[in-house]
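We're numbering straight along the sequence, starting at 1. Keep in mind it's a predicted model, so treat the numbers as computed, not measured.
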Amino acid sequence: MDAEFSGASGTFPTVRPRRLRTTPAMRRMVAEHRTHPADLILPAFVREGVDAPVPISSMPGVVQHSLDSLRAAAVEAVEAGVSGLMLFGVPEDEKKDAVGTPGTDPDGILQVALRAVRAEVGDELVLMADTCLDEVTDHGHCGVLDSEGRVDNDATLARYGEMAVVQAEAGARVLGPSGMMDGQIGVIRRALDAAGHQDVALLAYTAKYTSAFYGPFREAVNSSLRGDRSTYQQDPPNAREALRELALDLAEGADMVMVKPGLPYLDVLRTIADRVTVPVAAYQISGEYAMVEVAAERGLLDRERAIDETLTAFKRAGADLVLTYWATEFARRSRERL
């Protein structure tokens, strides 16, 4: 090593890392991390009572789908090589109530959409469902409220068990309990198994932080939220707490685990990825998406390079899977580059 830097040979430096950066082919050959279309899951919103997609103003390029446009988006995702589709249902406001009845109604919009997509693409996509009450309650919280307006953890668990069975029966292959209720993975696992759905997998929202970056999502699901979710979502300063949640989720039967949001919590993602043998996912959420899109619209950055760089960051931090609104676009571009 001393000889490399001594300059005695007259050819200093003899070690030149730049040799491996000389051409696109060289850089591609020695790349340490790659994002493959199969690593990607497309989150999608489906809205009840519309016959055409409704643009989401805070998320340029993303829409609340009609059933027809959702089916088309699912086909596009399959053709691009995307692996999964995570569905969020947006019911009509007048159907929302205190306990989130549309979430357990077999004819609720999410269940209708699950059946429609399953009929369109079968198992060519891993069909996933958001198992949470926030989109279907008139107060917008992820659970049932008690007499003092607080989220009642155990009453909510009972509702999650009911939701899980209905979603599985509608065709979901993976459920994503996103409410951060204590014990939710265990209760849902038991409910699914008792109903004969032992093969339905659970993607645990293990470290879901209360975050400013959820802002555009509120518009995407027509949220009725009053107050905030700081009493049940994780507090941003805490990292070790995520490991406690991780241990509980795995003990209760989680098949995969996730960190949400993505970019602000890459340290947590790396820590979790280093400790588990199950697949690890990161969710590139609405605010992360919107920041890039709006900055690109203003000419402040190169949009495609920014997308590629953010997805690479997740892979470098240890994510096996990434939920991103750019899933189909990125997958299509990846295939075109080959």
Trainee: List in chain and number order the residues that pass salt bridge (charged side-chain N to carboxylate O under 4.0 Å, His left out) with Asp193, two or more places apart in sequence or in another chain; answer none if no residue qualifies.
Mentor: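 Partners of Asp193 under the salt bridge (charged side-chain N to carboxylate O under 4.0 Å, His left out) test: Arg189.
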
Trainee: If you group Ile, Leu, Val, Met, Phe, Trp and Tyr by side-chain heavy-atom gaps below 4.5 Å, do Leu157 and Leu175 land in one group?
Mentor: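 Same hydrophobic cluster.
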
Trainee: Where the side chain of Glu48 meets the backbone of Pro91, is there a donor-acceptor pair that is under 3.5 Å apart?
Mentor: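 A pair under 3.5 Å: no.
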
Trainee: Is there a side-chain contact between Val257 and Leu203, using heavy atoms and a 4.5 Å cut-off?
Mentor: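 Answer no - side chains too far apart.
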
Trainee: So, Gln184 side chain and Pro177 main chain: donor-acceptor pair closer than 3.5 Å or not?
Mentor: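 A pair under 3.5 Å: yes.
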
Trainee: For residues Ala282 and Leu269, report the shortest heavy-atom separation together with the two atoms involved.
Mentor: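 Taking every non-hydrogen atom into account, CB-CD2, 4.0 Å.
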
Trainee: Taking the side chain as everything from C-beta on, heavy atoms only, tell me whether Glu135 gets closer than 4.5 Å to Ser223.
Mentor: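 Of all side-chain heavy-atom pairs linking Ser223 with Glu135, none is under 4.5 Å.
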
Trainee: Determine the sole option in Leu40, Thr324, Thr310 for which the side chain to side chain contact (heavy atoms under 4.5 Å, CB included) test with Thr35 is passed.
Mentor: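 Filter result, single survivor: Leu40.
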
Trainee: Look at the side-chain heavy atoms of Ile, Leu, Val, Met, Phe, Trp and Tyr, link any pair under 4.5 Å apart, and say whether Val54 and Leu70 land in one connected group.
Mentor: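 Result: no, two separate clusters.
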
Trainee: So, for Ala207 and Ile272, which heavy atoms are closest and what is the spacing to 0.1 Å?
Mentor: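 Residues Ala207 and Ile272, closest heavy atoms: CB-CD1, 4.3 Å.
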
Trainee: Consider only side-chain heavy atoms of I, L, V, M, F, W and Y, link residues closer than 4.5 Å, and tell whether Met181 and Tyr209 are in one cluster.
Mentor: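 No, separate clusters.
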
Trainee: Taking Glu329 first and then Arg333, would you say they form a salt bridge - that is, a charged N and a carboxylate O separated by under 4.0 Å?
Mentor: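 Counted as a salt bridge, because a side-chain N and a carboxylate O are separated by less than 4.0 Å.
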
Trainee: Go through the side-chain N and O atoms of Gln234 and Thr210 and say whether any donor and acceptor fall under 3.5 Å apart.
Mentor: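 No, no side-chain donor-acceptor pair sits under 3.5 Å.
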
Trainee: Are any of the side-chain nitrogens in Asp199 or Arg173 under 4.0 Å away from the carboxylate oxygens of its partner?
Mentor: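 No salt bridge links Asp199 with Arg173.
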
Trainee: Show the numbers, then the answer: is there a side chain to side chain contact (heavy atoms under 4.5 Å, CB included) between Val78 and Val82?
Mentor: CA-CA 6 Å; Val78 169; Val82 172; over 6 Å; no

Trainee: Between Leu67 and Leu125, is there a shared hydrophobic cluster once you connect ILVMFWY residues whose side-chain heavy atoms come closer than 4.5 Å?
Mentor: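 Leu67 clusters together with Leu125.
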
Trainee: Working note: Leu133 + His141, criterion side chain to side chain contact (heavy atoms under 4.5 Å, CB included); need CA distance, chi angles, decisive distance, verdict.
Mentor: CA-CA 7 Å; Leu133 292 172; His141 278 285; over 6 Å; no

Trainee: Taking it one step at a time, do Val276 and Leu246 satisfy side chain to side chain contact (heavy atoms under 4.5 Å, CB included)?
Mentor: CA-CA 9 Å; Val276 301; Leu246 174 66; 3.6 Å; yes

Trainee: Any chance you could lay out the side chain to side chain contact (heavy atoms under 4.5 Å, CB included) test for Tyr265 and Lys208, step after step, and finish with the verdict?
Mentor: CA-CA 10 Å; Tyr265 298 94; Lys208 182 180 179 181; over 6 Å; no

Trainee: Verify the neighbour count for atom CZ of Arg34: are there more than 12 heavy atoms of other residues, nucleotides or ligands below 6.0 Å?
Mentor: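 Enclosed: over 12 neighbouring heavy atoms sit under 6.0 Å from CZ of Arg34.
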
Trainee: Return yes when atom CD of Glu309 has more than 12 non-hydrogen atoms of other residues, nucleotides or ligands closer than 6.0 Å, and no otherwise.
Mentor: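 Open.
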
Trainee: Just wondering, do Ser286 and Phe213 contact through their side chains at under 4.5 Å, heavy atoms?
Mentor: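 Result no, sub-4.5 Å side-chain heavy-atom pair not found.
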
Trainee: Between the side chains of Asp152 and Thr156, does any donor sit under 3.5 Å from an acceptor?
Mentor: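 The criterion, which ignores hydrogens and geometry beyond distance, is not satisfied for Thr156 and Asp152.
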
Trainee: Treating His36 as the side-chain partner and Ala38 as the backbone partner, does any N or O pair qualify as donor plus acceptor under 3.5 Å?
Mentor: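 Judged by distance alone, yes, a pair lies under 3.5 Å.
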
Trainee: For the pair Arg118 and Asp123, find out whether any cationic side-chain nitrogen is under 4.0 Å from an anionic carboxylate oxygen.
Mentor: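 Yes, charged N to carboxylate O under 4.0 Å.
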
Trainee: When you look at Thr206 and Asp249, which way does the side-chain hydrogen bond (donor to acceptor under 3.5 Å, both in side chains) test go after all the steps?
Mentor: CA-CA 7 Å; Thr206 291; Asp249 284 345; 2.7 Å; yes

Trainee: Any ion pair linking Arg305 and Asp308 (charged N to carboxylate O, less than 4.0 Å)?
Mentor: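 Salt bridge absent between Asp308 and Arg305.
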
Trainee: Applying ring pair (Phe, Tyr, Trp, His ring centres under 6.0 Å) as the test, list every pair that has at least one member in residues 268-319; sequence neighbours left out.
Mentor: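 Output for this query lists Tyr289-Tyr325, Tyr289-Trp326.
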
Trainee: Are any side-chain N or O atoms of Asp228 and backbone N or O atoms of Ser230, one a donor and one an acceptor, separated by less than 3.5 Å?
Mentor: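 Such a contact is found between Asp228 side chain and Ser230 backbone.
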
Trainee: Should Val50 and Val90 be regarded as members of a common hydrophobic cluster, given that ILVMFWY residues are connected when their side-chain heavy atoms come within less than 4.5 Å of each other, either directly or indirectly?
Mentor: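 No, Val50 does not connect to Val90 through the hydrophobic network.
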
Trainee: Salt bridge check, Arg270 against Asp267: does any charged N sit closer than 4.0 Å to a carboxylate O?
Mentor: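 A salt bridge is absent here (no side-chain N lies under 4.0 Å from a carboxylate O).
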
Trainee: Would a 4.5 Å heavy-atom cut-off, applied to side chains only, mark Val151 and Val144 as touching?
Mentor: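 In short, these two side chains do not touch, never coming nearer than 4.5 Å.
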
Trainee: Please find the pair of heavy atoms, one from Gly140 and one from Asp134, that lie closest to each other, and give the distance.
Mentor: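 Closest pair (atom of Gly140, atom of Asp134, distance): O-CB, 3.5 Å.
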
Trainee: Give a yes or no on this: more than 12 heavy atoms of other residues, nucleotides or ligands lie within 6.0 Å of atom CD of Glu94.
Mentor: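 Counting neighbours around CD of Glu94, more than 12 heavy atoms of other residues, nucleotides or ligands fall under 6.0 Å, so yes.
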
Trainee: Got a salt bridge between Asp105 and Lys95, using NZ or NE/NH1/NH2 to carboxylate O under 4.0 Å?
Mentor: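 Judged by the 4.0 Å cut-off on N to carboxylate O distance, Asp105 and Lys95 do not form a salt bridge.
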
Trainee: Closer than 3.5 angstrom, by distance alone: can the side chain of Arg27 be matched with the main-chain N or O of Arg21 as a donor-acceptor pair?
Mentor: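 The answer is yes, because a donor-acceptor pair under 3.5 Å joins these two groups.
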
Trainee: Report yes if some heavy atom in the side chain of Val174 is under 4.5 Å from a heavy atom in the side chain of Met256; otherwise report no.
Mentor: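 Side-chain contact under 4.5 Å: yes.
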
Trainee: Closer than 4.0 angstrom, basic N to acidic O: yes or no for Asp107 and Arg115?
Mentor: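 Salt bridge between Asp107 and Arg115, a charged N being under 4.0 Å from a carboxylate O: yes.
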
Trainee: Between Arg275 and Thr271, is there a donor-acceptor pair closer than 3.5 Å when you use the side chain of the first and the backbone of the second?
Mentor: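 Yes: the side chain of Arg275 pairs with the backbone of Thr271.
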
Trainee: Measure the CD-CG distance between Gln167 and Leu127 for me, rounded to the nearest 0.5 Å.
Mentor: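 Going from CD on Gln167 over to CG on Leu127, the span is 10.0 Å.
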
Trainee: Between Arg335 (side chain) and Glu79 (backbone), is there a donor-acceptor pair under 3.5 Å?
Mentor: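 Answer holds: yes.
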
Trainee: Verify whether one side chain among Ser66 and Arg47 offers a donor that lies under 3.5 Å from an acceptor in the other.
Mentor: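 Looking only at side-chain atoms, Arg47 and Ser66 do not form any donor-acceptor pair under 3.5 Å.
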
Trainee: Quick check: do Phe45 and Val221 have side-chain heavy atoms less than 4.5 Å from each other?
Mentor: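 Answer yes - side chains close enough.
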
Trainee: Without swapping roles, check the side chain of Lys315 against the backbone of Ala319 for a donor-acceptor pair under 3.5 Å.
Mentor: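 A pair under 3.5 Å: yes.
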
Trainee: Is it true that a side-chain atom of Glu245 and a backbone atom of Met180 form a donor plus acceptor pair closer than 3.5 Å?
Mentor: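 Between the backbone of Met180 and the side chain of Glu245 there is no qualifying donor-acceptor contact (under 3.5 Å).
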
Trainee: If we ignore angles and hydrogens, is there a donor and acceptor under 3.5 Å between the side chains of Thr328 and Glu76?
Mentor: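 No, Glu76 and Thr328 have no side-chain donor paired with an acceptor closer than 3.5 Å.
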
Trainee: Using every non-hydrogen atom in the two residues, find where Cys132 and Met163 come nearest and quote the distance to one decimal.
Mentor: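 Heavy atoms of Cys132 and Met163 come nearest at O-CE, 3.1 Å.
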
Trainee: Quick one: does Tyr205's side chain get under 4.5 Å of Asp130's, heavy atoms only?
Mentor: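 Side chain of Tyr205 against side chain of Asp130, heavy atoms only: contact under 4.5 Å found.
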
Trainee: Shortest non-hydrogen contact from Tyr160 to Gly179?
Mentor: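 Result for this residue pair: OH-CA, 3.4 Å.
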
Trainee: Specify the closest pair of heavy atoms between Asp320 and Val278, including all atoms of both residues, with the distance to one decimal.
Mentor: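 Here Asp320 and Val278 meet closest at OD2-O, 4.2 Å.
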
Trainee: Just by modelled atom types, is the Ala170 backbone N or O under 3.5 Å from a matching donor or acceptor in the Gln111 side chain?
Mentor: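 Not at all, since once roles are kept as given, no pair shorter than 3.5 Å links the two residues.
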
Trainee: With side chains defined as the heavy atoms from C-beta onward, is the minimum distance between Leu87 and Leu85 less than 4.5 Å?
Mentor: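 Touching, per the 4.5 Å side-chain cut-off.
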
Trainee: Could you give me the CA-CA distance, side-chain angles and deciding distance for Thr104 and Arg159, then say whether side-chain hydrogen bond (donor to acceptor under 3.5 Å, both in side chains) is met?
Mentor: CA-CA 8 Å; Thr104 51; Arg159 295 291 292 144; 3.1 Å; yes

